[in-house]
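Below is one structure, written out as structure tokens, with a few remarks after it.
Count residues from 1 along the sequence. All values below were derived from every heavy atom in this structure, side-chain atoms included, with hydrogens, water molecules and symmetry-related copies excluded.
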Amino acid sequence: MPEKDIIGLIPAGGHATRISPLPCSKELFPIGWRVDDSGNAKPKVVSQYLLEGYRAAGISKAYFILRKGKWDIPQYYGHGEIVDMDLGYLIMNHPHGHPFTVDQAYSFVKDNLVAFGYPDILFEPVDAFASLTEYLHKTGADVTLGVFPIRKDQRWDICSFGPDGRINVVAVPDPPSSLQRLGWSIAVWTPAFSAFMHEFLAAAIRNNQFIAADGKEFVMNHIFQAAIDHKLRVEHIVFDKGVVRDIGTPAELIAAQSEMAPRLSDIK
């Protein structure tokens, strides 16, 4: 069966405990500014940057995956007019970590290419998803990860590379390394990886196993590592001049607000 159009996924099931309490869902926290159709300056919410990254890759459809109670997100975005996309909303059933949240979309995307990013992580370049999609087709990979330089003070999923130059380990170092590091932040994958993740998580649910071998709750790096171990083809692009910033921490949020606070005269 030929693959259908690429679909973006946005996991939005968290509680923002690191920066709570907030007056809104973290995904709607204002970071920077946008200009509406009338030419007026309006606050720009953090998740819009991810959606713009999808749009830059020609992606016109995406699903937010919500926990119950985060109704302000569909109220804000509606059908997606703000970002010129078709948006849908799914409700998560298994609150055991990001992979279970993402897998709620399986029946909706199982025949599609999938673009994946976190709505509270800002990244550059904005056209990174277009590069990942092109490289996925070029290499025939099951997954292509977008890999970025990670600062010493950032705790991140770090990638290690084998003699062939391909990723062989995806993990959070403990203790964190003091060296310059490379970590993944975004991804594009095929139906083969969607099926692998779905089966992996279904087995975890059957076995009531919601803690990974390292003693931590399952996160996406565990699924990527399992895919590598099972010989799925996981490729990557290093955006060596790229930047990532996780606004889920107070320090990163303050820095992002400072960096994206232009004068109104610069917006119009």
Heavy-atom nearest pair, Ala105 first then Leu9, reads CB-CD2, 3.7 Å

Between Val109, Ile10, Val102, Leu87, which is the residue that forms a side chain to side chain contact (heavy atoms under 4.5 Å, CB included) with Tyr63?
-> Val109

Are the charged groups of Glu52 and Lys44 less than 4.0 angstrom apart, N to O?
-> yes

Tell me, do Ile237 and Leu132 make a side-chain contact under 4.5 Å, heavy atoms counted?
-> yes

Consider only side-chain heavy atoms of I, L, V, M, F, W and Y, link residues closer than 4.5 Å, and tell whether Val126 and Val188 are in one cluster.
-> no

Checking side chain to side chain contact (heavy atoms under 4.5 Å, CB included) for the pair Leu66/Ile73: CA distance, chi angles, key distance, verdict?
-> CA-CA 9 Å; Leu66 313 172; Ile73 295 176; 3.8 Å; yes

Between Ser25 and Trp71, a side-chain donor and acceptor under 3.5 Å | no

Distance-only, no hydrogens or angles: does the Ser38 side chain make a donor-acceptor pair with backbone N or O of Asn40 under 3.5 Å?
-> no

Evaluate the side chain to side chain contact (heavy atoms under 4.5 Å, CB included) criterion for residues Val45 and Ile31: first the C-alpha distance (whole Å), next the side-chain angles of each, then the deciding distance (0.1 Å), finally the verdict.
-> CA-CA 5 Å; Val45 302; Ile31 301 287; over 6 Å; no

Between His222 and Val219, is there a donor-acceptor pair closer than 3.5 Å when you use the side chain of the first and the backbone of the second?
-> yes

Under 6.0 Å between ring centres, would you say that holds for His236 and Tyr135?
-> no

Does the side chain of Ser160 come within less than 4.5 Å of Asn168's, by heavy atoms?
-> yes

Step-by-step ring pair (Phe, Tyr, Trp, His ring centres under 6.0 Å) determination, His98 to Tyr118 = CA-CA 10 Å; His98 289 143; Tyr118 291 103; 5.0 Å; yes

About how many Å separate CG of Asp111 and OG1 of Thr190, when rounded to the nearest 0.5 Å?
-> 11.5 Å

Please name the pair of heavy atoms, one in Ala130 and one in Ala56, separated by the smallest distance, quoted to 0.1 Å.
-> CB-O, 4.3 Å

Do side-chain atoms of Asp214 reach the backbone of Lys216 as a donor and acceptor pair under 3.5 angstrom?
-> yes

Separation between CZ of Phe116 and OG of Ser194, rounded to the nearest 0.5 Å = 11.5 Å

Interatomic spacing from CG in Leu122 to CD1 in Ile247 - rounded to 0.5 Å = 6.5 Å

Does the side chain of Leu182 reach to within under 4.5 Å of the side chain of Ile150, using non-hydrogen atoms?
-> no

Donor-acceptor side-chain pairing of Asp229 and Gln225 below 3.5 angstrom = yes

Would you call the rings of Phe123 and Phe129 parallel, tilted or perpendicular if under 30° counts as parallel and over 60° as perpendicular?
-> perpendicular

If we only count heavy atoms from C-beta on, is the Ile167 to Val147 side-chain gap below 4.5 Å?
-> yes

Find the distance between NE2 (His79) and CG (Asp86) and round it off to the nearest 0.5 Å.
-> 9.5 Å

Taking C-beta and beyond as the side chain, do Leu136 and Leu113 meet within less than 4.5 Å on heavy atoms?
-> yes

What are the two closest non-hydrogen atoms of Phe218 and Ala212, and how far apart are they?
-> CE2-CB, 3.6 Å

Within-4.5 Å side-chain heavy-atom neighbours: Ile82 and Gln48 | yes

Expected list for residues 195-210: side-chain donor-acceptor pairs under 3.5 angstrom, two or more places apart:
{"residue": "His198", "atom": "ND1", "partner": "Asp103", "partner atom": "OD1", "Å": "3.1"}
{"residue": "His198", "atom": "ND1", "partner": "Asp103", "partner atom": "OD2", "Å": "3.0"}
{"residue": "Asn207", "atom": "ND2", "partner": "Ala203", "partner atom": "O", "Å": "3.0"}

Hey, is Lys70 close enough to Glu27 for a salt bridge, meaning N to O under 4.0 Å?
-> yes

Just wondering, more than 12 heavy atoms not from Glu81 lying within 6.0 Å of its CD?
-> yes

Val238, Val234: one ILVMFWY side-chain cluster at the under-4.5 Å cut-off?
-> yes

Could you please spell out the steps behind the side chain to side chain contact (heavy atoms under 4.5 Å, CB included) verdict for Met85 and Leu51?
-> CA-CA 8 Å; Met85 296 180 70; Leu51 292 169; 4.0 Å; yes

Answer whether the closest heavy-atom distance between the side chains of Pro191 and Lys110 falls below 4.5 Å.
-> no

Taken to the nearest 0.5 Å, the spacing of Phe108 CZ from Ile65 CD1 works out to 10.0 Å

Between Phe239 and Gly146, which heavy-atom pair has the shortest distance, and what is it?
-> CE1-CA, 3.9 Å

Is the side chain of Asp157 donor-acceptor paired with the backbone N or O of Val170 at a distance under 3.5 Å, no angle test?
-> no

Exam field: side chain Tyr77 to backbone Phe64, donor-acceptor pair closer than 3.5 Å | no

From CA spacing to verdict: side chain to side chain contact (heavy atoms under 4.5 Å, CB included), Thr139, Arg233 = CA-CA 9 Å; Thr139 61; Arg233 186 165 182 179; 4.0 Å; yes

Please check if the side chain of Trp189 supplies one atom and the backbone of Ala115 the other of a donor-acceptor pair under 3.5 Å.
-> no

Do any N or O atoms from the side chain of Asp142 and from the backbone of Phe193 form a donor-acceptor pair under 3.5 angstrom?
-> no

Contacts of Asp84 that satisfy salt bridge (Lys or Arg N to Asp or Glu O under 4.0 Å) - sequence neighbours left out | Arg55

So how far is it from Lys68 NZ to Ile91 CD1, rounded to the nearest 0.5 Å?
-> 7.5 Å

Over all atoms of both residues, closest heavy-atom pair of Gly117 and Tyr54 | N-OH, 3.1 Å

Quick one: are Ile121 and Trp156 in side-chain contact, heavy atoms under 4.5 Å?
-> yes

Is a salt bridge present between Lys26 and Asp120, judged by a nitrogen-to-oxygen distance below 4.0 Å?
-> yes

